[in-house]
Structure formats: C-alpha cells, structure tokens
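The structure appears right after this line, and notes come after that.
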Amino acid sequence: MSKMPAWELSDFYQNIKDEQIKKDLNFYKKSAADFALKYKGKLSSLSAQEFFEAIKDIEKRSMIASKLGGFAYLNMVTQMKNTEAVAFYQTVEEKLTEYAKPLVFFSIEFNQLPKEKINEWLKDKNVNFYRYWIKRLRKLKDYELSEPVEEVLLEKSLTSGDAWVRLYEETSSRLEYVVDGKKYNDAEISKLLLDKDPVIRAKAGAETNRVLKDNAHLITFIYNMVMKDKAIEDEKRGFKTPVSARNLSEDVSDKAVEVLAQTVKKHYQDIAHRFYKLKAKWLGVEKISYWDRNAPLPFSKDVNYTWDEAVKIVLDAYREFSPKLYDIAKDFFEHNWIDVPPRDGKRSGAFCSGPLATMHPYLMLNFVGKQNDVLTLAHELGHGCHHQLRIKNGELNEHSRMTSEEVASVFGEMMVFQSMLKNTKDDKAKLCLIASKVSDMINTAIRQIAFHFFELRAHNERKNGEVSEERLCQIWLEEMRESLGDYVEVSEQDCDHVWEMVGHFFFLPFYVYAYSFADCFVNSLYKVSTSGKVQNFADKYLDMLSKTALEDYDKILAPFGLNPNTADFWEYGLELISSYIDILEELDKKIN
C-alpha cells in the first residue's frame, strides 16, 4: 500500500510544550476577566458601536479557546494510550472551563434585554453581520438559568458529563480483541467483519460481543451516568423530552423529528427487510448473521485499493460533479490536514474536525484499502469541503447543525458511488456495488433511526432509576429485530452488547437521527439533480452548503423545489433506496 499521510498540527502549535500555549491560556484568562469587568451589568447602555466592539472581543476569545481545545483533542485522538497527551487534553479543558466562568453573565443579561434594543443594534451594518449568532443566543432565552447555577453547571461539566465521556473513549480505545491468536484494536477488528471469509467474520463478531460483554459493567455504569447527567440539566432548563435539547440545537422541532422517525420506521419492511431477504439468498443461508449485514457477497471480487488509488477515485468524482468543489478538495491532500493509517491507540472510526470556523479542518481515517474505506474518504472529505465553503461566515455565525453537517458528507459518498457505478459494466460487479451502497444507506437511514428509538427508550426508562445491563441489551435486541427483519439473526449470543460500540450514545446523545435526516435530505437532492429540473444544480448546491448554518431548511431547499416540513419530503428520499433494491431484484433475476 502506498505511504499514507498523518496530520501535522503546527497550524495550531508546534507541540504540547509550545510556549504559545501558555501565553494563549493566560490571554484567555485575563481577557475573560477584563470583559466581565467592562460589560457586566452595562449591556443595556451600550451603543451599537460599543456592542460591536464587545462582539469582536467575544469572537477573538472564542477563536483562542477553539484553537487550544481543538489542538489538545486532535493531538490526543491519534495516541489515546499516551498518558501525557491525554493529561494535556484534560488540563486544557479544565483551564478553559475555569477561565470562562466570568463570561457566564453575557447570554443571560443579553436575553433580558428588550427586543427593541436588539433591533436598534441590528440596524448597524457591523452588528447586523452577526445577526445569525444573535438569533441563536435569543433561542436560549427560555432555557437559561440564573448566573450562579450556570456557573456551577459549567464547572461541574468537567467532573460529570465530560468526565464520563472521556472515560468511555479511553476505555474503548484500550479494548483488545483476539482472533486466531492475533491481537486487534477497535479499528482493526471492525475491518475483519468485512472479510470475505464467513468464518473470520463469525470469529470477529463473536469476539467483539465477548469483549463488550466483559466490559459491560463499566460501560453500563458510564451510560447511566451520561443519561442521568443529561436528565438533570434537561429538567432544570425545562426541556420537555430527552431529545428536545438536541432538536433546539439543530433548529428542528420535536414534531419534525418525530415525523422523520415514524416515516422511516414505516419503511423498515419494504427497504431493510426486503434487502436482507435478498442478501440471505446471495449468501446461501436462511438467515444471515447480525455480523454479516455488511459482508461482501461471495461472488464479489475482493478489490483492495492503495491510498493513491482511493484519492484519485474520490477526487475524479468530485471534479466531475464540480471543478469548484475539486479545487477545494485537493487542498486536503496537498497539505498535512489528514491522518490516514490505523495504529495502536488511535481512536476508531473516522471524522472531520474543524475547531475554528475560519480555519481549515482536519480529517481522521482508519484506512485499510477496502471499498468502504474509499467511500469513507469521500464522506469525510465532504465534511471538509463543507467547512471550507463556510469560512467567510465568520467564527460566531457558524454553528454545527448535525442534521446539515451530514449532508455534504453523504452527498460526497453519493458522487463517488455514482462514478464507480458508471464505470462498472459487468452485471455481477454492478449488483455487488449497488448492494454495498444499499447496505450503507440502510445503515445510515434505517439503522440510525433504530438507534434513535433505543436512545429514547433508554433515556425514558432512566427517569425511573438506573437501567441495568440486561435491560439495555434487551431494548437493543428489540429495536434491532424490528428494524432488520426476519432474515437477520439477532441473538443474545451474537450481538446483545453492540450498543456499547455506538459512541454517539455517549458523547452526543440523540445525534444519530441526524444521519437519517441527512441521508433522506441527500437522496431527495440527488433525485432533483438527475431530473434536470434545476439549472446549474452544482453551483446552487455549493451555495446551499455555504448557508447551512445560517438559514432555515425551508429556505435553503427552496431553490430545489423541496419542502422538508412534510412527510412527503422524507418519503421522496426513501424512494431512492427502494428503487436501488428494485434494480437489485432485476439484476438478481438476470444473473440467476
């Protein structure tokens, strides 16, 4: 395999001993105290120019904090077994939290101002540039607590929710799996589950569940603490349901999320159940194992890609869709903004992290050369390009709505998939490629909603006391069985502890529905792009991405003739997955 790049973080700091880190921490501490001294109790008397100066002060300090926290996290995630890196991250988080206490007053005092005063400020063009940030601040008005309580919540976050998340991540990264006498880490064992040999997949699946079961006592306790910590704060702030806080952050209503979830659930049978029936036939079994859901088909060619080949496939697809998008994407490979190879102590999975809205982000992968790794690269690169398209919006205006964050990434996958499909002529190879894509779409649109229902049930039951390991496993199995159907074997021996692997349950509760939201969103957009009804689709798509943190969904989708406030919108997106299964059924008959 060609040499794979590892990221280089000197755009932040040279290393954890860099003297600038201490200087930035001291600046953050002093500037926060000075800000409180200058503005606390005085917001109502500020002119528009004075309020603009206060905003610029906030923005500068926000950038310093993001730079410090982002560097500490990115430095840690590739070396979770390095105690010095982990301790550095914790120290930075503790200091930033402590130094931010004087700033708690600001949003509380701001939200006590009359609407007329804020409207007067917004007439000033400089202040008006930050209107999206101001709008977000005002949304919090009904959920803020008193200043002393907010200070306590800020301080306690380090030893409550954040601490449990850190313990979960450290525990997960240290787990070891043994298959045929060889040790694997979290990232490596997941790749074995994609092996063409069903015996290896079975061993890897059994070992995964065994290791999770052996660690279930600790992880169950962590999850109960995460849920309780969230419930306490939700109750104090007045959120009606466990998912309401996330929905507020996403700018979507509780009702809209419920419509999405129920619409997807209604399609479990004609999408997931129908697909797994086909897959069981292809694998030559009555029921497929839980761990064989994503298995390559026995008649598929075992294609491996070098890093250079993967990069070319992805960039070529991006360029074909939009030369403008290609120009943005290639920067990630021409600079050290990406960490690719799996290694001991590195966090599993993949992500894009952009600590500063006004600076390029970083991509993390665990690339081993499978087809899925190529699509994962396309996915994370989509995130990266999305970030770059929004740099001009400014540090404070930018806001990560997870529902829109996943749009560019999923669309990136779709572009590369379509490019691969166009270049595949053999019917059997075409069937294998589409089957793999449908499997991914089910994991994104269907399975994540099953995860959502697991979370809802777990959080609701937590209100009555700790939820036992056995009960969590039972809820998990029930949701998996309903979503996957009769042609997938979902048993206690096989997969009852897999919920412990879903990191979003711990560090971003109720994030999971965002994947389904984005998948249906992208599917609808893709159908519009192929219909020919929208002129200059690519340019309008890039313009939409530049506004996803600023405008409401109905506005950014209006140029495409789509309305996300109706069930029909979600149905439209799900139809694309169903149409791919129709093609699979036709190819299956043709190939016999």
Side-chain angles (χ1 to χ4, degrees), residues 20-73 89-113 117-118 121-122 126-127 129-163 229 233 236-237 245 248-249 355-359 394-400 549:
Q20 189 61 42
I21 293 173
K22 186 176 181 180
K23 292 177 183 177
D24 283 349
L25 281 168
N26 288 337
F27 170 81
Y28 186 80
K29 180 180 181 180
K30 184 177 185 305
S31 68
D34 290 347
F35 183 85
L37 190 65
K38 184 175 182 179
Y39 293 108
K40 189 173 181 179
K42 304 169 187 174
L43 292 185
S44 62
S45 63
L46 298 182
S47 66
Q49 177 60 30
E50 289 169 332
F51 183 63
F52 173 67
E53 290 170 4
I55 293 175
K56 297 301 290 183
D57 195 337
I58 292 168
E59 186 170 51
K60 183 177 181 180
R61 193 167 42 255
S62 173
M63 292 173 72
I64 292 290
S66 296
K67 179 183 174 185
L68 286 161
F71 171 75
Y73 181 72
Y89 168 74
Q90 184 65 18
T91 298
V92 169
E93 288 295 295
E94 288 182 5
K95 287 185 181 297
L96 288 175
T97 301
E98 178 188 347
Y99 299 164
K101 283 192 296 182
L103 305 172
V104 168
F105 83 92
F106 179 80
S107 64
I108 297 170
E109 187 173 328
F110 177 82
N111 277 328
Q112 290 172 348
L113 295 172
K117 180 68 175 178
I118 295 169
W121 283 339
L122 286 170
N126 290 323
V127 174
F129 177 79
Y130 294 93
R131 63 191 180 278
Y132 302 105
W133 172 69
I134 289 171
K135 178 183 175 183
R136 282 205 318 278
L137 276 182
R138 294 297 275 183
K139 278 199 315 178
L140 301 175
K141 179 178 172 64
D142 295 335
Y143 303 100
E144 285 182 321
L145 304 171
S146 67
E147 188 176 336
V149 174
E150 291 287 359
E151 284 188 5
V152 170
L153 288 174
L154 179 66
E155 280 190 282
K156 289 285 287 180
S157 66
L158 289 169
T159 55
S160 54
D162 291 352
D229 183 71
E233 187 164 338
K236 298 297 182 188
R237 294 192 182 282
L248 180 71
S249 177
L356 280 89
T358 50
M359 178 183 142
E395 191 70 27
L396 296 183
N397 280 333
E398 266 306 320
H399 168 59
S400 291

Problem set entry | Backbone N/O of K42 and side chain of E109: donor-acceptor pair under 3.5 Å | yes
Problem set entry | Validation row: K236, Y143 side chains within 4.5 angstrom (heavy atoms) | no
For this session: Could you point out which residue of L153, L140, D142, L248 forms a side-chain contact (heavy atoms from CB on, under 4.5 Å) with R237?
Result: L153
Exercise. Between Y28 and Y99, how do the two ring planes meet: parallel, tilted or perpendicular, split at 30° and 60°?
Worked result: tilted
Problem set entry | Distance (rounded to the nearest 0.5 Å) between S66 OG and M359 CE | 10.5 Å
Problem set entry | Any F106 side-chain heavy atom under 4.5 Å of L137 side chain | yes
For this session: Verify, without hydrogens or angle tests, whether R138 (side chain) and F110 (backbone) share a donor-acceptor contact under 3.5 angstrom.
Result: yes
For this session: Please name the pair of heavy atoms, one in E395 and one in S62, separated by the smallest distance, quoted to 0.1 Å.
Result: CG-OG, 4.1 Å
Exercise. Roughly how far apart are N111 CG and I118 CD1, rounded to 0.5 Å?
Worked result: 7.0 Å
Exercise. Parallel under 30°, tilted from 30 to 60°, perpendicular over 60°: which one fits the rings of F35 and F105?
Worked result: tilted
Problem set entry | Closest contact, heavy atoms only, K156 versus S160 | O-OG, 2.6 Å
Exercise. Between NZ of K60 and CG of L396, what distance do you get to the nearest 0.5 Å?
Worked result: 14.0 Å
Problem set entry | Which atom of S157 lies closest to which atom of T97, heavy atoms considered | OG-CG2, 4.4 Å
Exercise. Can you find a heavy atom in the side chain of F51 that is under 4.5 Å from one in the side chain of I134?
Worked result: yes
Problem set entry | Backbone N/O of S249 and side chain of H399: donor-acceptor pair under 3.5 Å | yes
Problem set entry | Side-chain heavy atoms of E151 within contact of E147, under 4.5 Å | yes
Seminar exercise, completed: Here the gap from T159 atom OG1 to E94 atom CD, rounded to the nearest 0.5 Å, amounts to 9.0 Å
Problem set entry | Approximate separation, where rounding is to 0.5 Å, of L43 CG and L113 CG | 6.0 Å
Exercise. With side chains defined as the heavy atoms from C-beta onward, is the minimum distance between D57 and D34 less than 4.5 Å?
Worked result: no
Exercise. Can you check side chain to side chain contact (heavy atoms under 4.5 Å, CB included) on V92 and F71, steps first, answer last?
Worked result: CA-CA 10 Å; V92 169; F71 171 75; over 6 Å; no
Exercise. How about D24 and I21: do any of their side-chain heavy atoms sit closer than 4.5 Å?
Worked result: no
Exercise. Do you know which two heavy atoms are closest between A32 and P102, and how far apart they sit?
Worked result: O-CB, 3.8 Å
Exercise. Taking all non-hydrogen atoms of both residues, which atom of A357 and which atom of G394 are closest, and how far apart?
Worked result: CB-O, 4.0 Å
For this session: For F27, enumerate each residue passing the ring pair (Phe, Tyr, Trp, His ring centres under 6.0 Å) test, keeping only those at least two apart in sequence or located in another chain.
Result: none
Problem set entry | Min side-chain heavy-atom separation Y73-Y89 under 4.5 Å | yes
Exercise. If every non-hydrogen atom of N397 is compared with every non-hydrogen atom of R136, which pair is closest and at what distance?
Worked result: O-NH1, 2.9 Å
Problem set entry | Euclidean distance, F129 CZ relative to L122 CG, rounded to 0.5 Å | 13.5 Å
For this session: Please determine which of K101, E144, E155 meets the side-chain contact (heavy atoms from CB on, under 4.5 Å) test together with E150.
Result: E144
Exercise. Around atom NZ of K29, are there more than 12 heavy atoms of other residues, nucleotides or ligands at under 6.0 Å?
Worked result: no
For this session: Give a yes or no on this: more than 12 heavy atoms of other residues, nucleotides or ligands lie within 6.0 Å of atom NZ of K139.
Result: yes
For this session: Quick one: do K56 and E59 satisfy salt bridge (Lys or Arg N to Asp or Glu O under 4.0 Å)? Show the steps, please.
Result: CA-CA 5 Å; K56 297 301 290 183; E59 186 170 51; 3.0 Å; yes
For this session: Report the relative orientation of the aromatic rings in F52 and Y130; use parallel for angles under 30°, tilted for 30 to 60°, perpendicular for over 60°.
Result: tilted
